[in-house]
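These notes are about the structure you will find just below.
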Number of protein chains: 2
Amino acid sequence: MTRPLRADAERSMRSILEAAERVLSVQPTASLEQVAEAAGVARTTIHRRFASRQALVDALALAAAAQLRDAVDSAHPDTAPPLVALHQATANVLRTKRSWRFALEQADIPGSAAFADQVALAQRCVELLGRARDQGVLAADADLEWTRRVFYALIGEAIHGHTFDAADETDPDLLAGRIVDTLLHGAGPRA
Amino acid sequence: MTRPLRADAERSMRSILEAAERVLSVQPTASLEQVAEAAGVARTTIHRRFASRQALVDALALAAAAQLRDAVDSAHPDTAPPLVALHQATANVLRTKRSWRFALEQADIPGSAAFADQVALAQRCVELLGRARDQGVLAADADLEWTRRVFYALIGEAIHGHTFDAADETDPDLLAGRIVDTLLHGAGPRA
DNA sequence: CATAAATGCAACAGCAGTGTCGCAGTTCAT
DNA sequence: ATGAACTGCGACACTGCTGTTGCATTTATG
């Protein structure tokens with residue numbers, strides 16, 4: 001139970017977390033000094049809120065994991081038709097992951113504070129894929145866990161290329177279409 | 001032109017590079033002290049061969065990139081039937097990438113000394129995919145560059161899971177089959 | 001076997017990042 | 001407006017890694 005932060009403290013907090021993502025996504029080993037500068041804050045202020053560098057990264061990962069969960073939720077993954085949900089969730093995740101690349105990488109590290117959240121999310125992903133399989137969107141004998149990993153890998157790959165910006169490489173909906181299509185049918189000839 | 005190394009120096013060299021891969025793949029920020037210990041060598045010996053930490057990493061990446069090139073070459077990617085070459089190259093690359101995970105990650109970083117090699121290799125990959133397309137293994141309208149990226153992503157994903165060891169997760173040939181199958185047909189129902 | 005090369009060891013300087021503290025000045029809450 | 005919370009600033013100690021040097025010792029090579 002920490003008592004509520006004052007309004008300005010809350011603002012500093014956000015500035016720091018956003019700056020941390022910005023700076024660390026470019027250079028994961030950047031110093032807290034650089035983060036502080038990007039946040040428009042003194043380095044000591046960071047240390048007041050976060051006991052250590054690790055604590056900052058954990059908080060960042062936790063916040064990003066929550067964002068990601070919301071992004072998935074808003075695609076109604078367990079009520080909408082599987083194919084629709086899959087597409088929508090993919091587009092939403094792309095948007096979120098683009099903005100929180102570093103944080104979400106951290107969240108996937110076993111030791112991380114947000115790791116449990118990510119595992120839970122993966123579980124929900126498998127459930128969605130299960131519904132997809134039941135409705136014939138996936139092959140009846142599809143390995144759901146492998147399919148999930150492929151799905152994740154495709155998303156990760158799409159984020160990478162995102163560094164450059166061609167028109168069709170930037171739009172999350174176009175990309176999502178490509179990803180889902182590849183996930184379902186691959187690159188081989190269509191029957 | 002550096003004159004040839006003495007036999008024992010050559011051995012030290014190999015020990016250092018192998019130890020570096022072993023240690024840095026577990027902890028990329030590990031100190032040269034730890035690398036030296038793992039190599040059974042004094043830290044100063046490392047500094048004699050490699051002017052800086054970066055020089056060591058570059059040499060490591062260069063060696064690994066060469067290994068990877070050989071692994072691809074031995075699959076005869078531009079003479080064997082595309083599907084066969086694809087499978088064989090995948091299996092070989094999996095074996096190599098498993099042993100040189102850290103080094104090959106470094107090689108893919110734009111600033112790296114081995115980056116040019118990796119770009120050239122990607123080019124050859126696209127050529128193989130082009131042959132595959134011409135022979136109907138890939139769809140006639142397949143985007144070769146996107147296909148290559150998907151291919152790479154699948155391989156990367158397969159390497160990840162490799163941390164744990166179930167029987168079918170460890171065998172490169174089984175994995176290669178799964179990867180190529182997924183690349184060509186995805187997870188959807190087969191016509 | 002004689003020489004040159006390579007190594008281990010110990011010590012040193014330098015540097016950068018982390019984390020802590022006290023204090024003076026400001027901003028918010030009531 | 002008054003007290004409490006928050007911040008910036010400067011300073012400090014501490015730690016760990018890097019890179020270098022000198023010297024004694026071992027090891028390969030011709």
Side-chain angles (χ1 to χ4, degrees), chain A residues 1-61 63 102-103 105-106 109 111-113, chain B residues 1-61 63 102-103 105-106 109 111-113:
Chain A
M1 278 282 128
T2 55
R3 64 162 156 284
L5 289 176
R6 229 172 64 177
D8 52 351
E10 188 95 24
R11 255 176 289 146
S12 298
M13 198 90 171
R14 290 196 176 281
S15 295
I16 292 171
L17 288 176
E18 287 168 9
E21 167 59 37
R22 242 178 300 142
V23 172
L24 297 180
S25 69
V26 175
Q27 230 213 358
T29 64
S31 70
L32 295 187
E33 182 69 52
Q34 294 174 265
V35 173
E37 188 186 350
V41 155
R43 184 174 62 93
T44 47
T45 300
I46 294 184
H47 280 105
R48 279 196 196 90
R49 300 292 156 207
F50 306 98
S52 69
R53 183 195 182 90
Q54 189 55 43
L56 168 60
V57 172
D58 280 347
L60 190 59
F102 172 80
E105 271 173 26
Q106 294 303 310
I109 296 175
S112 166
Chain B
M1 278 285 130
T2 55
R3 64 162 155 281
L5 290 175
R6 231 172 63 176
D8 53 351
E10 188 96 26
R11 255 176 288 144
S12 299
M13 199 89 171
R14 292 197 174 281
S15 295
I16 293 170
L17 287 175
E18 288 168 9
E21 167 61 35
R22 243 177 300 141
V23 171
L24 297 179
S25 69
V26 174
Q27 232 213 358
T29 64
S31 70
L32 296 187
E33 181 69 51
Q34 295 174 263
V35 174
E37 188 186 351
V41 154
R43 183 175 63 92
T44 47
T45 299
I46 294 183
H47 280 105
R48 278 199 198 88
R49 300 293 158 207
F50 306 98
S52 68
R53 182 193 183 92
Q54 188 56 42
L56 168 60
V57 172
D58 281 348
L60 190 58
F102 171 81
E105 272 173 26
Q106 294 303 310
I109 296 176
S112 166

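All values below were derived from every heavy atom in this structure, side-chain atoms included, with hydrogens, water molecules and symmetry-related copies excluded.
In this structure, OG1 on B:Thr45 lies 12.0 Å from CG on B:Leu32, to the nearest 0.5 angstrom.
The side chain of A:Thr45 places an N or O atom within less than 4.0 Å of a non-bridging phosphate oxygen (OP1 or OP2) of D:dG8. Within the structure, a side-chain polar atom (N or O) of B:Ser12 is placed less than 4.0 Å from OP1 or OP2 of C:dT7.
At a non-hydrogen distance threshold of 4.0 Å, nothing from residues 21-39 of chain B comes into contact with DNA chain C.
Counting only heavy atoms from C-beta outward, the side chains of A:Leu17 and A:Phe50 approach each other to under 4.5 Å. Under the 4.5 Å side-chain criterion, counting only non-hydrogen atoms from C-beta, A:Gln27 is not in contact with A:Val23. Within the 4.5 Å cutoff, the side chain of B:Arg48 has heavy atoms near those of the B:Thr44 side chain.
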Can you check nucleotides 23-27 of chain D for protein contacts, nitrogen or oxygen pairs under 3.5 Å, and list what you find?
from   : atom 1 : to     : atom 2 : distance (Å)
D:dT27 : O2     : B:Arg6 : NH1    : 3.3
D:dT27 : O2     : B:Arg6 : NH2    : 3.0

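In this structure, A:Glu10 atom CD and C:dT27 atom C1' are separated by 16 Å, rounded to whole Å. Following rounding to the nearest Å, B:Leu56 (CG) and D:dG19 (P) show an atom-to-atom distance of 10 Å. Between A:Ile46 atom CD1 and C:dG17 atom P the separation is 13 Å, expressed in whole Å. Between the C1' atom of C:dG17 and the CZ atom of A:Arg53 lies a distance of 9 Å, rounded to the nearest Å. Here the P atom of nucleotide D:dG19 and the CZ atom of B:Arg49 are 17 Å apart, to the nearest Å. Counting to the nearest Å, the P atom of D:dG16 and the CZ atom of B:Arg43 are 14 Å from each other. Whole-Å rounding puts the B:Gln54 CD to D:dT18 C1' distance at 14 Å.
In this structure, of C:dT20, D:dT18, C:dG19, it is C:dT20 that holds the atom nearest to the side chain of A:Thr44. Closest approach to the A:Ala42 side chain among C:dT20, D:dG8, D:dC6 is made by D:dG8 (side chain taken as heavy atoms from C-beta onward).
Listed here is the closest heavy atom pair of B:Ala39 and B:Ser15: CB-O, 3.7 Å. Closest non-hydrogen pair, A:Phe102 versus A:Pro28, comes out as CE1-CB, 4.2 Å.
Looking only at distances, a side-chain donor or acceptor of A:Glu21 sits under 3.5 Å from a matching main-chain atom of A:Ala103. At distances below 3.5 Å, not a single donor-acceptor pair connects side-chain atoms of B:Gln106 with backbone N or O atoms of B:Ser112.
Heavy-atom contacts from other residues, nucleotides or ligands closer than 6.0 Å to CD of A:Gln34 number more than 12.
Taking the nucleotide of DNA chain D with the nearest heavy atom to each of B:Leu5 and B:Ser52, the more 5' of the two is matched to B:Ser52.
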